[in-house]
Protein chains: 2
Amino acid sequence: MSKKVVIIGGVAAGPKVAAKLKRLDPEAEVVILEKGKFLSYAGCGLPYYIGGDIKEQKELMETPVGVMRDPEYFEKMKGVKVYNRTEALRIDRKKKEVEARRIDTGEVFSLTYDYLVLATGAEVAIPPIKAVDLENPNTELKLLDLGHVYTLHGIEDAEAIRWTIREKLAKKAVIIGGGLIGMEMTESLVKSGLEVTIIEVLPEILPILDEDMGILVRRYCQKKGVTVKVGERVERVEGEGGTVKRVITDKSSYEADLVILATGFRPNADLARKAGLEIGPNGGIKVDLFLRTSDPCIFACGDCVEVENLVCGKSAYMPMGSLANKQGRVVAINIAGGSEAFRGAVNSVIFKLFDYTIARCGLGVRQAKEMGYEVEYALVPAPDRAHYFPGAKRVITKLVVDKKSGKLLGGQFLGEGEVTKSVYAVATALHYGATIEEISNLDVPYAPPYASAIDNICVAANVVRNKLEGKMVGISPLEVERKRKRGEDFLLLDVRTPAEYQKVRIPGSTLIPLGALRSKLDTLPRDKEIVVFCAVSLRGYEASLILKAAGFENVKVMDGGLACWPYEVET
Amino acid sequence: MSKKVVIIGGVAAGPKVAAKLKRLDPEAEVVILEKGKFLSYAGCGLPYYIGGDIKEQKELMETPVGVMRDPEYFEKMKGVKVYNRTEALRIDRKKKEVEARRIDTGEVFSLTYDYLVLATGAEVAIPPIKAVDLENPNTELKLLDLGHVYTLHGIEDAEAIRWTIREKLAKKAVIIGGGLIGMEMTESLVKSGLEVTIIEVLPEILPILDEDMGILVRRYCQKKGVTVKVGERVERVEGEGGTVKRVITDKSSYEADLVILATGFRPNADLARKAGLEIGPNGGIKVDLFLRTSDPCIFACGDCVEVENLVCGKSAYMPMGSLANKQGRVVAINIAGGSEAFRGAVNSVIFKLFDYTIARCGLGVRQAKEMGYEVEYALVPAPDRAHYFPGAKRVITKLVVDKKSGKLLGGQFLGEGEVTKSVYAVATALHYGATIEEISNLDVPYAPPYASAIDNICVAANVVRNKLEGKMVGISPLEVERKRKRGEDFLLLDVRTPAEYQKVRIPGSTLIPLGALRSKLDTLPRDKEIVVFCAVSLRGYEASLILKAAGFENVKVMDGGLACWPYEVET
């Protein structure tokens with residue numbers, strides 16, 4: 001007898017399960033229940049649809065050969081029954097039955113299953129921010145009740161934001177939340193001609209990066225004309241006549257005729273919870289290696305589940321379309337009688353921000369420290385290809401390493417140049433518990449249009465190793481700035497050339513070009529901490545070796561040199 | 001007492017040893033002997049200097065901050081003594097002494113060493129081709145005696161080729177050899193306005209790729225106006241008045257006023273051989289894990305050594321600038337008293353050819369078969385980012401797998417889109433003996449501007465797995481063409497849409513669109529082999545499943561579909 005499979009959720013993981021399962025087992029009776037109108041659309045493409053890179057809504061819903069993935073497509077081409085605008089209400093695990101309601105008619109019906117798949121996705125985490133309409137100050141409002149306040153969760157949201165922009169109803173946008181979606185929306189809205197302000201409650205934007213990388217992204221946003229506020233809590237959103245007018249924080253007030261709540265996602269695990277399925281420490285559905293929930297007849301996949309972070313072995317929440325698709329495939333194979341494992345992921349993320357590419361994988365310094373690792377890291381600015389090859393652009397590579405084992409823990413990458421290659425290699429290496437020594441000699445291919453002879457990740461690995469071996473003591477630019485602010489007495493020694501120094505320099509820094517250093521050693525204080533740097537801190541490193549050889553004991557190299565210095569400079 | 005270190009060779013590995021060693025051990029006395037005039041130049045940049053991407057010779061010899069790496073730089077900045085235009089003649093291992101000769105003065109002198117480093121590089125393998133000057137037919141000539149016949153080995157070669165082009169002394173170039181250097185020179189010469197003919201003796205260009213990939217590159221060259229001849233042996237090069245005029249093969253004759261010998265490299269191991277050091281099976285100097293030769297006081301690195309191919313464990317020759325630099329670092333650490341291993345490499349290669357990027361790593365199908373592996377592979381054309389994202393370009397991904405163990409053996413990648421990321425991930429995975437199952441679920445990052453939700457390498461891994469599990473039987477386009485040529489009776493079934501078919505089709509193919517297949521099963525022959533395909537053979541795969549479910553037994557899917565079909569089409 002053919003298997004009855006009910007899939008709840010029709011955006012990413014759900015349709016993947018359905019299509020793959022029908023290929024493996026054409027006899028299976030597969031039903032998808034989807035709350036929204038649209039099926040199997042490219043949710044990750046929404047910011048680009050809003051920003052105009054993608055012109056038509058249908059492009060997000062078409063197959064590569066231009067066929068619309070609507071319910072009819074699934075039924076005709078894939079043999080999958082689809083109920084859209086249909087909400088799953090309840091799972092009866094004893095009866096193996098799902099109760100659902102058609103949103104348009106209110107009709108409630110039940111479907112029995114042999115296997116149930118939960119692909120219920122994520123929901124936007126709406127923060128407890130007050131909403132007030134000044135014309136009706138006593139009416140209690142929810143944030144999204146105010147006009148032109150949106151989340152970015154589905155096609156409907158994207159259409160509403162596009163409409164607001166197209167109808168010229170908005171000029172000033174406030175994005176609440178400086179995370180991944182906040183960044184993607186920043187580019188979209190700036191491209192649409194809006195003035196954009198980002199407000200982030202944490203001390204730095206992009207908590208998926210370390211602070212030293214996040215601040216570089218913030219400076220870049222500011223360079224692009226975006227106002228970015230960090231460490232500021234939004235307390236109230238005010239509207240007039242039903243439409244948003246301003247955003248009020250604990251520090252200031254911002255006019256706004258468009259507000260995007262980019263306040264993060266959480267797993268949509270309500271249905272699973274109510275059905276008594278096990279939930280993980282991050283609120284996602286708990287699944288085993290085969291993506292089975294605590295009920296062996298119920299699988300779960302996509303943004304509603306937790307996955308193992310392969311770097312640290314901990315359960316984590318990684319709502320990524322790539323994982324949803326891979327998990328969908330795994331679930332289909334297992335329902336079809338196979339035995340396919342999904343072992344976990346390394347939290348790989350990449351995104352575009354104007355001309356920057358920003359990527360990360362594994363653990364950052366902060367995250368690793370919180371988990372009890374003792375960490376070392378390298379912060380290396382370098383061209384993305386041979387420095388003499390036309391079009392070479394600077395990128396910054398950060399590698400994070402466990403001091404005790406020398407194991408690679410993570411990587412972060414950003415810049416106008418190519419960093420995709422770097423994150424692909426490092427993410428792959430993380431799957432295999434690579435050591436930093438192994439990264440040193442990784443045989444990634446080289447030609448001048450694509451890389452330097454020693455690839456940036458190999459260089460970064462060498463820098464970490466120099467630090468681990470005590471050849472070099474690093475200091476973060478952030479820490480240098482804190483020292484300056486505290487008024488500490490130390491020498492900030494710039495070893496670039498006079499020409500470079502004249503062009504741009506850090507206030508209060510002292511210039512001694514590397515070539516002249518040996519002859520000027522007696523002008524340097526032996527009782528003070530010396531922090532050396534250059535453009536990227538390679539000459540800085542050489543200078544520190546000279547100083548150490550000459551008996552200077554308290555010498556540090558500023559990580560990443562001037563290229564990673566995000567504070568005031570003189571020109 | 002300070003160590004005396006003599007380094008023979010000053011292009012890539014040698015200067016790297018010197019610079020790193022002086023950082024580790026400032027007291028070491030380090031001497032470089034270099035036969036040529038120029039030191040530490042970017043040899044891999046030469047084709048781009050000829051093609052004009054790089055304007056000035058000095059760009060190839062400057063540090064990223066614009067300092068010329070000449071002998072003075074090494075002496076002043078690095079404390080390294082350099083003898084350029086100085087040839088090492090002989091090594092006396094007992095006395096630990098090198099005899100050398102200054103080329104300009106003829107002066108012979110000796111240097112003693114504690115450690116000797118051989119970084120003698122590679123030399124061009126000149127094939128036994130006759131050279132005749134028709135005006136002096138009885139004078140015996142060497143190929144390079146004829147004017148405008150060049151190799152591409154050093155800056156001097158590049159300058160001579162540039163001069164020939166700049167002085168408009170050449171219009172028609174013949175490149176003998178369709179390997180890596182041949183391809184890079186093709187782009188350079190076409191960009192310089194020359195008519196270019198490539199003559200390759202093997203059945204296909206680019207033996208570093210499999211034939212199914214090589215032929216796609218050949219078609220691309222032809223599309224760019226380049227004449228490419230394969231399976232043709234150059235027998236004679238004719239000149240008049242001292243200058244080359246034509247190239248004569250076993251099949252034809254080609255006018256030429258510029259000839260580039262791109263006939264491969266071999267390790268320059270003469271000095272080592274004469275000194276009685278052990279030589280590997282590929283003619284390179286044999287070194288251990290620490291890059292020591294069979295004499296513990298002599299290290300070797302760069303294009304003169306053999307390295308272990310980490311995929312198969314065999315000794316191999318991989319003359320790559322990236323390895324030379326990494327090895328130089330390793331040698332320096334070991335001379336300085338450390339214990340650093342260079343474990344080997346995976347034969348990663350990348351190069352640019354007009355708008356194509358072409359890359360490979362590990363073993364190809366042919367190479368793997370020669371080594372006794374039973375192989376399976378996937379050939380997958382797909383966009384390099386989300387298909388709906390502007391600028392998405394098609395790339396072709398090939399993965400090669402050991403049938404018995406499921407172990408990944410290699411990858412090949414080409415196209416106008418981004419493939420660097422793919423080869424970086426696959427090369428990294430090869431270092432760790434990854435299985436194809438692991439590649440399926442590799443967590444490489446995803447966003448629409450950078451990748452598809454299921455990355456191309458994951459898709460290719462899934463295709464291989466489908467083949468390994470018997471869900472799909474593949475057939476190479478090359479094999480299909482051979483069947484056609486042999487006049488075999490089989491059905492070539494195109495399952496695209498009528499609109500696609502009308503635009504372009506394979507002669508003799510039959511169209512049944514995928515959606516109509518189920519209803520037309522009885523029109524298909526049950527006794528014949530059926531080869532199905534579509535644009536990329538994804539619908540082709542679905543069609544094969546339908547046919548198999550309907551009891552058709554002899555069904556194959558043409559690898560890569562029309563996108564990988566390199567033969568005649570009708571439009």
Side-chain angles (χ1 to χ4, degrees), chain A residues 23 26 42 44-45 48 53-54 59-60 62 64-65 76-77 320-323 325-326 329 342-343 345-346 348-352 359 361 383 386-390 418 420-421 423-425 427-429 431-432 438 441-450 453-455 458 515 535 542 545 549, chain B residues 23 26 42 44-45 48 53-54 59-60 62 64-65 76-77 320-323 325-326 342-343 345-346 348-352 359 361 383 386-390 418 420-421 423-425 427-429 431-432 438 441-450 453-455 458 462 515 535 542 545 549:
Chain A
R23 277 201 292 274
C44 305
Y48 311 99
D53 286 316
I54 296 162
E59 295 174 52
L60 297 172
E62 284 176 352
V65 291
K76 216 176 133 182
M77 296 299 289
M320 286 287 146
S322 49
L323 300 182
N325 271 281
K326 284 171 191 144
R329 191 181 145 276
F342 183 84
R343 292 175 201 281
V346 298
S348 292
V349 175
I350 192 166
F351 67 98
K352 181 178 175 301
C361 57
H387 65 87
Y388 55 81
F389 200 84
E418 233 299 290
T420 323
K421 57 183 181 177
V423 69
Y424 267 57
T428 303
H431 278 259
Y432 294 95
E438 289 162 356
N441 284 323
L442 203 63
D443 181 19
V444 287
Y446 160 60
Y450 303 103
I454 303 193
D455 193 85
C458 303
E542 296 207 21
L545 293 177
Chain B
R23 276 201 291 274
C44 304
Y48 311 98
D53 285 317
I54 297 162
E59 295 174 50
L60 297 172
E62 284 175 353
V65 291
K76 214 176 134 184
M77 295 300 290
M320 287 286 146
S322 49
L323 300 183
N325 272 281
K326 284 172 192 143
F342 182 85
R343 293 175 201 282
V346 299
S348 292
V349 176
I350 191 165
F351 66 99
K352 182 178 174 302
C361 58
H387 65 87
Y388 55 80
F389 200 84
E418 234 298 291
T420 322
K421 58 182 179 177
V423 69
Y424 267 56
T428 303
H431 278 259
Y432 294 95
E438 289 162 357
N441 284 323
L442 203 62
D443 180 19
V444 286
Y446 159 61
Y450 302 102
I454 302 193
D455 192 85
C458 302
N462 291 339
E542 295 207 22
L545 292 177

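None of these values were measured; they are calculated from a predicted model. Numbered from 1 within each chain, the chains take letters A, B, ... in sequence-line order.
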message = Show, in sequence, the C-alpha distance, side-chain angles and deciding distance for A/Tyr446 and B/Asn325, and conclude whether the side-chain contact (heavy atoms from CB on, under 4.5 Å) test is met.
response = CA-CA 11 Å; A/Tyr446 160 60; B/Asn325 272 281; over 6 Å; no
Is it the side chain or the backbone of [X] that comes within 4.5 Å of chain A heavy atoms, both, or neither?
| X | result |
| --- | --- |
| B/Ala42 | both |
| B/Ala359 | neither |
| B/Val349 | backbone |
| B/Ala386 | neither |

Out of [options], return the one with the most heavy atom pairs under 4.5 angstrom to chain B.
| options | result |
| --- | --- |
| A/Pro448, A/Ala447, A/Ala427 | A/Pro448 |
| A/Ile454, A/Leu323, A/Leu60 | A/Ile454 |
| A/Lys76, A/Met320, A/Glu542 | A/Glu542 |
| A/Ala549, A/Cys44, A/Pro26 | A/Cys44 |

remark   = In terms of heavy-atom pairs under 4.5 Å with chain A, the winner among B/Leu545, B/Asn462, B/Val444 is B/Val444
Distance-minimising heavy-atom pair for [X] and [Y]:
| X | Y | value |
| --- | --- | --- |
| B/Gly321 | A/Ala453 | O-CB, 4.3 Å |
| B/Val423 | A/Pro445 | CG1-CG, 3.5 Å |
| B/Asn441 | A/Arg329 | OD1-NH1, 4.4 Å |

remark   = dist A/Tyr388:OH -> B/Glu59:CD (nearest 0.5 Å) comes out at 10.0 Å
query = Any side-chain heavy-atom pair from B/Thr428 and A/Leu442 closer than 4.5 angstrom?
reply = yes
request  = Could you check if a side-chain atom of A/Tyr432 sits within less than 4.5 angstrom of a side-chain atom of B/Glu438, using non-hydrogen atoms only?
outcome  = yes
inquiry  = Once you measure the plane-to-plane angle for B/Phe389 and A/Tyr48, does it fall in the parallel (<30°), tilted (30-60°) or perpendicular (>60°) bin?
reply    = perpendicular
query = Taking B/Asp443 for the side chain and A/Val346 for the main chain, is one N or O donor matched with an acceptor at less than 3.5 Å?
reply = yes
query = Taking A/Lys352 for the side chain and B/Tyr450 for the main chain, is one N or O donor matched with an acceptor at less than 3.5 Å?
reply = no
request  = Go through the structure and list residues passing side-chain contact (heavy atoms from CB on, under 4.5 Å) with A/Pro64, not counting sequence neighbours.
outcome  = B/His387
task = For B/Pro390, check side-chain contact (heavy atoms from CB on, under 4.5 Å) against everything at least two apart and list the hits.
result = A/Asp53, A/Ile54
